[in-house]
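As structure tokens, the structure follows; a few thoughts come after it.
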Amino acid sequence: MRWTLAKIQLPTSSFQFLTALAIALITQNFASAQSLESYINEAQTNSPEIQAFNLRYNIAEEKVNEANWLPNTEFSAGYFVSEPETRVGAQRARVGFKQMLPWFGTITARENYASSMADAEFVEITIAKRKLALSVAEMYYKLYEIRSKQAVLEENIQLLETYERLALTSVEVGKASAVDVLRLQIRQNELVQEKKVLAQQELGIQAGFNKLLNRKYDIAVETVSDLPLPESEMAFSFDGLSLNPELLKYDKLYESVTQSELLNQRDASPMIGFGVDYIPVSGRTDMMPIDNGKDILMPMVSVSIPIFNNRYKSITKQNELRQREIESQKSQRLNVLESAFAKANSQRNQARIKFDTQTQNLKQAKDAEEILIKNYETGTINFNDVLDIQELQLKFQMNQIQSVQEFYVQQSLINYLTKN
């Protein structure tokens with residue numbers, strides 16, 4: 001009889017990236033790969049935070065309609081307590097209205113400014129969706145890691161049970177001691193403990209995952225059971241960072257300041273007013289002059305000139321400083337993103353190196369196991385060596401799973417940083 005240690009098989013055939021709002025998922029099974037994409041879509045649909053951003057964007061869009069306004073129309077009315085006499089009669093009252101109109105292009109400038117602010121709010125929605133998608137992917141891969149480790153632990157527990165029966169048989173024929181049996185049982189207890197701890201971690205991660213989707217914490221979450229590494233990575237460069245919405249946001253803010261200055265220049269222009277005054281006149285009774293009692297209708301034109309325009313000069317200066325501030329903020333954010341990209345790329349490459357090393361170590365541990373099995377077939381077996389090899393293989397399997405999880409988390413972050 002030949003006993004073998006279970007291990008995860010990770011094929012190395014090539015797979016394509018499936019991009020779901022900048023989160024790439026590579027899986028062996030396309031239907032399984034869709035589960036993460038569907039979770040991301042569900043999270044983005046149900047997220048209260050994104051709903052709030054959408055409402056902010058709707059408000060900003062409505063401000064474009066708000067921008068199309070004119071100053072209030074002024075109506076006035078007065079009654080002459082002491083009626084002034086004129087050649088054609090006494091003036092009894094005065095009724096009038098006046099409408100000021102902004103300078104040509106002012107309303108368009110207002111609408112352009114409001115539209116630019118709405119564009120900036122829309123970028124915030126994109127950023128929020130990408131961040132949420134990244135969080136969902138990170139928790140998804142964490143769940144994959146925990147469940148894969150649980151499966152490996154269960155296989156090793158069953159294997160130790162087999163070795164325990166083998167040890168009991170060896171004790172009966174005098175080829176092993178009861179201490180060997182006890183050590184195997186202790187090791188089983190440790191693995192059972194690890195599995196139970198992972199089960200509790202799984203509950204916590206699953207609850208957090210469900211909260212990202214804004215649903216009940218105890219709803220079951222399905223993950224892929226096998227997640228192979230791609231044969232080669234897609235090429236990414238720092239140039240891709242220029243398309244990141246976190247940087248595009250500053251471009252939109254810069255444009256909004258530009259539109260704000262154009263509006264400021266229009267506001268600094270004169271305003272033209274048009275109006276009409278109407279004065280009813282009582283006819284004279286002592287004589288009948290021409291146009292006796294004829295009412296007065298007086299059209300008026302007025303101009304409002306901002307002679308004291310220090311306010312507009314100050315706003316221009318503020319806009320210039322604001323643009324310089326935005327440029328500095330964008331440069332700083334680019335530095336942060338470049339640093340994050342370099343770190344993620346490095347850690348992804350480290351994960352592949354670790355995975356390849358663990359694969360090699362597993363093969364060598366397998367060779368050592370075969371030697372032990374051959375010794376048992378010749379009548380001798382050292383259960384201390386069996387435990388040592390089992391612990392090594394379990395360690396390599398766990399590290400291999402950890403490397404896969406780390407690879408995909410860093411790949412998701414790279415996609416977040418570089419995908420448009």
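In what follows, residues are counted from 1 in the order of the sequence shown.
- Residues I127 and L248 have side chains not in contact (no heavy-atom distance under 4.5 Å, counting atoms from C-beta outward).
- The ring of F383 has its center no closer than 6.0 angstrom to the ring center of Y163.
- Among residues two or more places apart in sequence or in another chain, the side-chain contact (heavy atoms from CB on, under 4.5 Å) test is passed with V95 by A77.
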Under 3.5 Å, which donor-acceptor pairs do the side chains of residues 299-314 form with other protein atoms, sequence neighbours left out?
{"from": "Y312", "atom 1": "OH", "to": "D267", "atom 2": "O", "distance (Å)": "3.4"}
{"from": "S314", "atom 1": "OG", "to": "Q318", "atom 2": "NE2", "distance (Å)": "3.0"}

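- A cation-pi arrangement is found for R130 relative to Y416, the charged atom lying closer than 6.0 Å to the ring centre and inside a 45° cone about the ring normal.
- Among residues two or more places apart in sequence or in another chain, the salt bridge (Lys or Arg N to Asp or Glu O under 4.0 Å) test is passed with E62 by none.
- Between D180 and V171 the shortest side-chain heavy-atom distance does not fall below 4.5 Å.
- Side-chain contact annotation: R147 with T223, donor-acceptor N/O pair under 3.5 Å present.
- Among residue pairs with one or both ends in residues 248-273, none qualify as ring-ring contact (aromatic ring centres under 6.0 Å, His included); sequence neighbours excluded.
- In the model, N345 has no side-chain atom that pairs as donor or acceptor with a side-chain atom of Q410 under 3.5 Å.
- Within the structure, side chain to side chain donor-acceptor pair (under 3.5 Å) contacts touching residues 48-57 (residues at least two apart or in different chains) are R56-E121, Y57-E61.
- Applying the side chain to side chain donor-acceptor pair (under 3.5 Å) rule to N210 yields the partners R215; only residues at least two apart in sequence or on another chain are considered.
- Judged as a side-chain contact (heavy atoms from CB on, under 4.5 Å), and not counting sequence neighbours, the contacts of L297 are V276, Y278.
- Considering only residues two or more places apart in sequence or on other chains, R324 meets the salt bridge (Lys or Arg N to Asp or Glu O under 4.0 Å) condition with none of them.
- By the salt bridge (Lys or Arg N to Asp or Glu O under 4.0 Å) test, R266 pairs with no residue at all, sequence neighbours left out.
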Contacts under 3.5 angstrom, residues 107-115 side chains, donor-acceptor by atom type, not counting sequence neighbours:
{"from": "R110", "atom 1": "NH1", "to": "A67", "atom 2": "O", "distance (Å)": "3.1"}
{"from": "R110", "atom 1": "NH1", "to": "W69", "atom 2": "O", "distance (Å)": "3.0"}
{"from": "N112", "atom 1": "ND2", "to": "T108", "atom 2": "O", "distance (Å)": "3.4"}

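- For Y79, the side-chain contact (heavy atoms from CB on, under 4.5 Å) criterion is met by E83, A93, not counting sequence neighbours.
- Of the options L160, V192, L182, a side chain to side chain contact (heavy atoms under 4.5 Å, CB included) to R187 is made by L160 and by none of the others.
- With rounding to the nearest 0.5 Å, the separation of CG in L184 from CG in L387 is 4.5 Å.
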I'd like to know whether F122 forms a side chain to side chain contact (heavy atoms under 4.5 Å, CB included) with D119, so could you lay out the CA-CA distance, the side-chain angles of the two residues, the decisive distance to 0.1 Å, and finally the verdict. CA-CA 5 Å; F122 184 79; D119 290 342; 5.6 Å; no
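- A heavy-atom distance below 4.5 Å is found between the side chains of L417 and L241.
- Ring-plane geometry between Y39 and Y140 is classed as tilted, the angle between the planes lying from 30 to 60 degrees on a 0 to 90 degree scale.
- Residue pairs meeting the salt bridge (charged side-chain N to carboxylate O under 4.0 Å, His left out) criterion with at least one member in residues 325-337, sequence neighbours excluded, are E246-R333, D251-K330, R322-E325.
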